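See structure below.
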Amino acid sequence: MTSPSVSDRFATSKTRALVAAVVIALCLYALQFVTIDGMQSLLDVTRQSAARVPTFFVRITLLLCALAAAFIFITSLSFYKRNKVAVAPWLFLFVGLVLFMIYVIVPIFQSISYSFTRWDGLYDINGVWTGKWVGFHNYKLLFQDPNFYTSLKNNLWWLVLFMLAVPIGLFIALFLNQTVTGIRIYKSLFFFPFVISQVVVGLIFAWAYNPEFGLLSEIWSWFFCETKTNIVGNLTRVCSPEPPSILGDENTATFGIIAAGLWPQIAYCMILYLTGLNNISSDQIEAGRLDGAKGWKMLRHVILPQLKPATFIAIVVTVIGALRSFDMIATMTQGGPFGSSNVLAYYMYDQAVGEGVGRYGYGSAIATVLFLIMLVYISYFLWRMYQDEVEAR
Amino acid sequence: MKLNTKRTLAGLVAATFMSTAAFASDLIITFDDLNPDKAAAYEAAVEAFKEANPDINVTANNGDREAHKGTIRNALQNDAPDVITWYPGNRMGPFVDAGLFLDISDLWASDENLKNNFNAIKPTMTRDGKQWGVPYSYYQWGVYYRKDIYDKLALSEPATWDELLGNCDKLKEAGVTPFTIGTKFLWTAAGVFDYLNLRTNGYEVHNDLTAGKIKYTDDRIRGTFAKWEEMLDRCSFVSTHATMSWQDAIAPFANGDAAMYVMGNFSVGQYKEAGLTDEQIDFFQFPEITPGLPRAEEAPADAFFIPANAKNVENAKKFLSFIATPEIQGEWNKSIGQLPPNAEAEINTDDKFIVEGMATLSTAAGLAQFYDRDAPAAMAKEGMQGFQEFMLDPSKLDGILENLDKVQEEVYAE
């Protein structure tokens, strides 16, 4: 063994605890001096842009220091050593739990509490909240608001139609699950749309749908349009009937966006099924074949049961995808025309944050309703997971 | 002992942080337009200010206009600059009411230039009887039209509603769609509504409606929509307007498929970029509907404000006085192709749209900001959606107006 060194001495728990405690104290003490003014004169560059960023970084660094020191401090306590097995998981969960509290749990209750107020999102000059308590007023309004029902209806359409991604994904996966030269290229080509950002998918489809220059209207013009010279001598296209304006028509806009959303979602489901198909036991297929199963029967009774985990995940991500439809709507229609392609998530954003409308109370009421709807689904999901655990035991 | 340690530490930290001494006199300005011509005009004005005030250390920031609409809330409540751009009219209302803008009535009272040369725009900058900002630019709205098409069909600029409808009939006969518009982002429809309302009912009704004093189901507002229905019927708009932005809508106009566009003067640059020349395009004021009604116009202004949190208020006021001077206002607006709110400022007489705009606005009986600036944002959003819905299907009018009444009741309730 080597002779005792500094690091060994540090390893003795008393020294370690002492050093850690001092570091915590120093970090927390220094924290209160990190003010915007102080930082501004320290880093003169910050006046150019937002002065808040470096302040924030310094604060976070100090906090993390304190946190790390606290970690060392706790692990050097004798209490910890005696109860290692029971305490250790909580220690590791601690950071995650704190962040989860700050960014998920607390905001949920905050926005529920805002939903009982009328507030334009502003604090006055002294940092005093400018809202007003109005009780259930926002909810009363909400249930009379035609836009709310439009959004709710669209949410349901999204949930229902988005589910198409699961069978279509399965079909493509079955189709691609073969050994042909270059199959990997085809697989990656089919997977490609999932790699593209949702915003880009939205833009591509919005262009394709455009009744003036889009792909659809080009195809339309092969059948229904002729090119004429207009009054100033320029060429112009005259169609009868006019090409459909998918995103400009209240009856088709939502379906246009769902179709765009399905494109990457199908790719996602497909990849889930492809990996599932890789793990199918060949013995069972063999056995099924011996018993005379093929085609539909083979799929229904031998393959699908083995794909159950993949199906479960595919449904989960598809439901989540349907409820997250926000970015597609934001890029393609902004909820238009006249709010007919809104979903609850977008409507909430629109009322609270979007374009300075500033109805934070009303937006929060919408958010609360959306939360309750999702709660049903989440509870079911958790219950299912719990059941699986119990069965596995 | 403990106190001593604390002092020493505080001193140490303070010394580190304050090592670069603050400047004697600062000014931080936040602007919100990155378009090259707009940004250049702003920078030129800031340079001129620096030259006139060498003792002030000016920091000039600039950012994207749409992003600014979101970040201003944070800026006003946390690290406020000394001067910030925002919109007058009702758009400044929430910030004024929350006490986030500084009352600069004293500047308006003491500065001779502000006192005398801004009478037309002063009401727009006023809320609760006090002034809150200084405008640096505004522009006219009206009808931009294809002069070559008008000439070909021997049409003349319409002065009355009937003349306009007559022109539309002839344009349609010739296979030209009378109006282009792109309502995807809604506000363009509000421009048409505002003009129909201003011409049918006048300035007072516009203000009362946007102030929530008149219901949308009021007979006068119904009268406006009746005119709009007539316009949709006889002066049809391009059919795909709900999927187009205002820039997209220029394409049929530039191609000669549509002949007129109800728009603001900022669009002229885009027409020219699309290949149109001064000979091909021209401007007329939206024609009279109710005979004898005093003519009011849309003239949205852009302005500078001082946040209540500003640290260098004296310098900020100096800057506002400076950009209000006729010279700066003239220079600034010449380079961005808009109109100076200062009545003494020179305009670019080579630009026929600016000349016509000046004539239009200086003789107007009242200046409206714009539907979505005069009405609170929550009302404007719903209202403009209603306008778009109406343009797509006029038969839904009753349902739309009743819904707007409900929203109005909620939004204006305090």
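The structure presented is a predicted model; accordingly, all values stated were derived computationally and were not measured. Note on naming: letters A, B, ... go to the chains in the order of the sequence lines (proteins, then strands), and numbering restarts at 1 for each one.
Counting non-hydrogen atoms of neighbouring residues, nucleotides and ligands closer than 6.0 angstrom, the CD atom of B:Glu409 reaches no more than 12 such neighbours. Taking a 6.0 Å sphere around CZ of A:Phe136, one finds it holds 12 or fewer heavy atoms contributed by other residues, nucleotides or ligands.
Heavy atoms closer than 4.5 Å to chain B are found in the side chain of A:Pro146, but not in its backbone. Neither the backbone nor the side chain of B:Gln280 has a heavy atom closer than 4.5 Å to any heavy atom of chain A. In this structure, the portion of A:Asn230 lying under 4.5 Å from any heavy atom of chain B is its side chain and not its backbone. Contact annotation for B:Ala254: only backbone heavy atoms (N, CA, C, O) come within less than 4.5 Å of a heavy atom of chain A. Only the side chain of A:Leu141 comes within contact range of chain B, with at least one heavy atom under 4.5 Å from a heavy atom of that chain. Heavy atoms of B:Leu76 lying under 4.5 Å from chain A are absent altogether.
Taking non-hydrogen atoms and a 4.5 Å limit, the residue list of residues 243-258 of chain A in contact with chain B, ordered by number, reads A:Ser245, A:Leu247, A:Gly248, A:Glu250. Within residues 383-396 of chain B, the residues approaching chain A closer than 4.5 Å by heavy atoms are, in numerical order, B:Gln385, B:Gln388, B:Glu389, B:Leu392, B:Lys396.
Between chain A and the residues B:Ala259, B:Pro376, B:Pro307, B:Gly256, the largest count of heavy-atom pairs under 4.5 Å involves B:Gly256. Contact count against chain A (heavy-atom pairs under 4.5 Å) is highest for B:Asp257 among B:Asp372, B:Asp257, B:Val407. Among B:Ser239, B:Ala242, B:Ala98, the residue with the largest count of heavy-atom pairs under 4.5 Å with chain A is B:Ala98.
Across B:Thr85, B:Thr71, B:Asn61, a single residue satisfies side-chain hydrogen bond (donor to acceptor under 3.5 Å, both in side chains) together with B:Asp32, and that is B:Thr85. With B:Leu102 as reference, B:Val313 is the one residue of B:Asn309, B:Val96, B:Val313 to meet the side chain to side chain contact (heavy atoms under 4.5 Å, CB included) rule.
Salt bridge annotation for B:Lys381-A:Asp350: present, with a cationic side-chain nitrogen under 4.0 angstrom from a carboxylate oxygen. A salt bridge links B:Glu410 with A:Arg118: the closest approach of a Lys/Arg side-chain nitrogen to an acidic carboxylate oxygen falls below 4.0 angstrom.
Sulfur atoms SG of A:Cys239 and A:Cys225 are positioned under 2.5 Å apart.
Note: B:Trp187 and B:Phe370 have perpendicular aromatic rings, judged against thresholds of 30 and 60 degrees for the angle between ring planes. In this pair, A:Phe224 and A:Trp220 present their aromatic rings tilted. The plane angle is within the 30 to 60° band. The aromatic rings of A:Tyr349 and A:Phe326 stand perpendicular to each other, their planes meeting at an angle above 60°, with 30° marking the opposite boundary.
A:Glu212 and B:Thr240 share a donor-acceptor pair across their side chains, judged by distance under 3.5 Å alone.
A donor-acceptor contact shorter than 3.5 Å is absent between the side chain of A:Asp327 and the backbone of A:Val199.
Proximity of the aromatic rings of A:Trp119 and A:Tyr360 is defined here by a centroid distance below 6.0 angstrom, and this criterion is met. In this structure, B:Phe185 has its ring center at least 6.0 angstrom away from the ring center of B:Trp246.
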